[in-house]
Q: 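If you scroll down you'll find the structure; I have some questions about it.
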2 protein chains.
Amino acid sequence: MAESKKEQAPNGGSGGTRRRGDVLENAILQAAWDELVEGGYNRLTMEAVAVRAQTNKTAVYRRWPNKAQLVIAALVKFAPKPSLEAADTGDLRTDVLTFLQGILEPLQAIGPETIHGLMSEYPGKEHPMSKPLPPRSEDALFAAMKSIVGNAEKRGELQPGHLSERVISLPIDLLRYEMLTTHGQVSEDIIVQIVDELFLPLVRAKSRAD
Amino acid sequence: MAESKKEQAPNGGSGGTRRRGDVLENAILQAAWDELVEGGYNRLTMEAVAVRAQTNKTAVYRRWPNKAQLVIAALVKFAPKPSLEAADTGDLRTDVLTFLQGILEPLQAIGPETIHGLMSEYPGKEHPMSKPLPPRSEDALFAAMKSIVGNAEKRGELQPGHLSERVISLPIDLLRYEMLTTHGQVSEDIIVQIVDELFLPLVRAKSRAD
DNA sequence: TAGAGTACGGTACGTACCGTACCTTATATG
DNA sequence: CATATAAGGTACGGTACGTACCGTACTCTA
């Protein structure tokens with residue numbers, strides 16, 4: 001990145017550019033993300049983030065009231081996002097498999113430790129907004145699964161409107177569950193199992209039952 | 001030489017009997033469980049446990065090296081256990097429903113905060129044994145589900161040996177997932193959904209496919 | 001039953017981290 | 001240039017962890 005700024009003189013006196021606003025905010029978030037990647041959620045401390053960003057805790061606390069909020073902000077900005085544009089290959093199995101494989105890596109990047117830490121520390125009862133996991137109706141991954149199913153319906157591979165929300169979100173739910181309970185070591189075989197042993201049989205059972 | 005009155009009466013009042021061994025250990029575990037129930041995992045401190053057990057931190061740390069281990073021990077001893085003797089009513093749906101409803105309450109009693117806290121703090125990479133969640137092959141709940149399925153096979157409701165482990169553990173996995181992601185507010189409707197929209201259709205799909 | 005080993009009670013300590021208070025200083029904006 | 005704003009920086013109070021140390025009660029054995 002642009003290192004065009006003069007860093008501070010050693011005596012801390014005048015001479016260095018003092019970062020403000022978005023520049024400083026981005027530096028803090030970048031530092032938080034780096035700390036998260038290097039040491040994980042538990043070892044991330046506000047002090048370490050401030051030091052890495054070459055600032056101090058005060059500047060951090062001016063923006064985020066606690067560690068959980070800071071980490072969430074860092075995740076929103078830097079965590080790899082799955083592509084929500086689901087591939088439309090003409091085959092439901094392929095579409096679902098590639099979609100799940102596409103969200104596996106971002107999930108791994110965040111890691112179960114961070115999720116558990118956030119869910120553990122976050123005061124969900126008093127601040128119901130901005131949870132680590134949104135409700136199904138606002139879940140972008142669920143929406144993507146719905147569009148995949150919708151594509152299959154359009155091309156006649158599925159009869160329209162017969163899959164319940166539980167069936168549609170089943171692959172995502174199970175993938176997340178595996179993620180949370182296996183210390184992050186989710187192999188791609190598991191995705192294939194979820195699709196071939198659970199999701200596709202359910203889809204076919206539905207279409208045959210009608 | 002102070003007034004060294006040595007009370008050796010077992011039901012000693014204050015200042016008399018000094019508890020040891022199992023007596024003290026049980027008192028500490030009881031205190032830990034009470035703290036867990038009252039304040040949850042995050043607010044439980046080793047100091048508070050010691051005070052409640054009318055002892056001191058040293059006695060606690062002599063037995064358990066950290067908070068996570070202490071809480072696990074308290075859970076093993078005091079958390080309500082689901083009955084693993086699955087009912088054999090002659091109907092698979094009823095068996096699974098009652099089984100799931102039977103494990104719902106114990107899961108609620110432990111609560112997601114404790115599980116998240118344990119999963120977050122536990123050094124699972126270095127000590128792979130005695131995890132909060134055992135692998136499927138040693139999971140008592142999975143074994144119970146297998147016996148329920150086995151009963152259905154014996155009475156001819158299912159064709160033997162055709163359900164994969166993923167199908168068998170699906171209800172447990174999803175119930176746990178709901179538990180972890182909904183702050184513990186899992187209604188019984190969800191159990192019915194899991195059974196009627198996912199598990200039973202899968203079971204029927206399997207038997208029709210053969 | 002004496003003596004030795006063990007483990008509890010109790011206190012104090014060092015570390016780590018949180019979150020805040022307070023002051024100084026740079027800089028954007030009028 | 002004047003001023004408000006926000007960054008830099010330090011220090012502090014508070015909580016909790018985990019350990020060290022010591023004196024003492026209890027237990028077990030010779």
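Each chain gets a letter, A, B and so on, in the order the sequences are listed, and its residues count up from 1.
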Q: Working to the nearest 0.5 Å, report the span between CD of A:Glu188 and CD of A:Glu105.
A: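 One finds 9.5 Å between CD of A:Glu188 and CD of A:Glu105.
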Q: Would you sort out whether B:Arg166 and A:Glu178 count as a salt bridge (Lys or Arg N to Asp or Glu O under 4.0 Å), showing the intermediate values?
A: CA-CA 12 Å; B:Arg166 282 223 99 77; A:Glu178 289 287 333; 2.5 Å; yes
Q: How far does CG of A:Asn151 sit from CG of A:Leu158, to the nearest 0.5 angstrom?
A: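 Separation between the atoms: 10.5 Å.
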Q: Can you tell me the distance, in whole Å, between the OH atom of A:Tyr41 and the P atom of C:dC17?
A: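 Whole-Å distance recorded here is 14 Å.
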Q: Round to a whole Å and report the spacing from NZ of B:Lys67 to P of C:dA16.
A: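 From B:Lys67 NZ to C:dA16 P: 19 Å.
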Q: To the nearest Å, give me how far apart CE (B:Met46) and C1' (D:dT19) are.
A: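 Going from B:Met46 (CE) to D:dT19 (C1'), I get 12 Å.
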Q: Using whole Å, report how far CD of A:Gln69 lies from C1' of C:dC18.
A: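 Checked: the CD to C1' distance equals 15 Å.
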Q: So if I apply the side-chain contact (heavy atoms from CB on, under 4.5 Å) rule between B:Asp196 and each of B:Leu200, B:Leu198, B:Ile194, which one comes out positive?
A: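 The passing option is B:Leu200.
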Q: Rounding to an integer number of Å, can you tell me how far B:Trp64 CH2 sits from D:dT19 P?
A: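 Distance, rounded to whole Å: 15 Å.
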Q: Along nucleotides 4-10 of chain C, 5' to 3', which nucleotides get a B, which get an S, and which get a -, given that the test is a protein heavy-atom distance under 4.0 Å?
A: --BBBBB
Q: Return each pair, listed once, that meets salt bridge (Lys or Arg N to Asp or Glu O under 4.0 Å) where at least one residue sits in residues 65-89 of chain A; pairs must be two or more places apart or across chains.
A: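 For residues 65-89 of chain A, and leaving out neighbouring residues, the salt bridge (Lys or Arg N to Asp or Glu O under 4.0 Å) pairs sorted by first residue read A:Asp88-A:Arg155.
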Q: Fit a plane to each ring of B:Tyr177 and A:Tyr177, take the angle between them on a 0 to 90° scale, and name the class: parallel (under 30°), tilted (30 to 60°) or perpendicular (over 60°).
A: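 Correct class here is perpendicular.
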Q: Just how far, in rounded Å, is P of D:dT15 from CD of A:Glu47?
A: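 Those two atoms, CD and P, are 20 Å apart.
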Q: Please state how far atom CG in B:Leu44 lies from atom P in D:dT15, giving the value in whole angstrom units.
A: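 Between P of D:dT15 and CG of B:Leu44: 17 Å.
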Q: Go through the side-chain N and O atoms of B:Gln30 and B:Asp34 and say whether any donor and acceptor fall under 3.5 Å apart.
A: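 Per modelled atom types, B:Gln30 and B:Asp34 side chains form a pair under 3.5 Å.
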Q: Rounded to the nearest Å, what distance is computed from the CG atom of residue B:Asn42 to the C1' atom of nucleotide D:dT15?
A: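 Atom-to-atom, B:Asn42 to D:dT15, this comes out as 14 Å.
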Q: Near DNA chain C, counting only heavy atoms under 4.0 Å, which residues of residues 31-40 of chain B show up?
A: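 Close to the strand, none.
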Q: Once you apply a heavy-atom cut-off of 4.0 Å, does B:Lys57 come out as touching a base, just sugar-phosphate, or nothing?
A: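 Since a base atom lies under 4.0 Å of B:Lys57, the category is base.
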Q: So how far is it from B:Tyr41 OH to B:Leu75 CG, rounded to the nearest 0.5 Å?
A: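 Going from the OH atom of B:Tyr41 to the CG atom of B:Leu75 covers 9.5 Å.
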Q: CG of A:Leu175 to CE of A:Met179: how many Å apart, nearest 0.5 Å?
A: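 Reported to 0.5 Å precision, the distance equals 8.0 Å.
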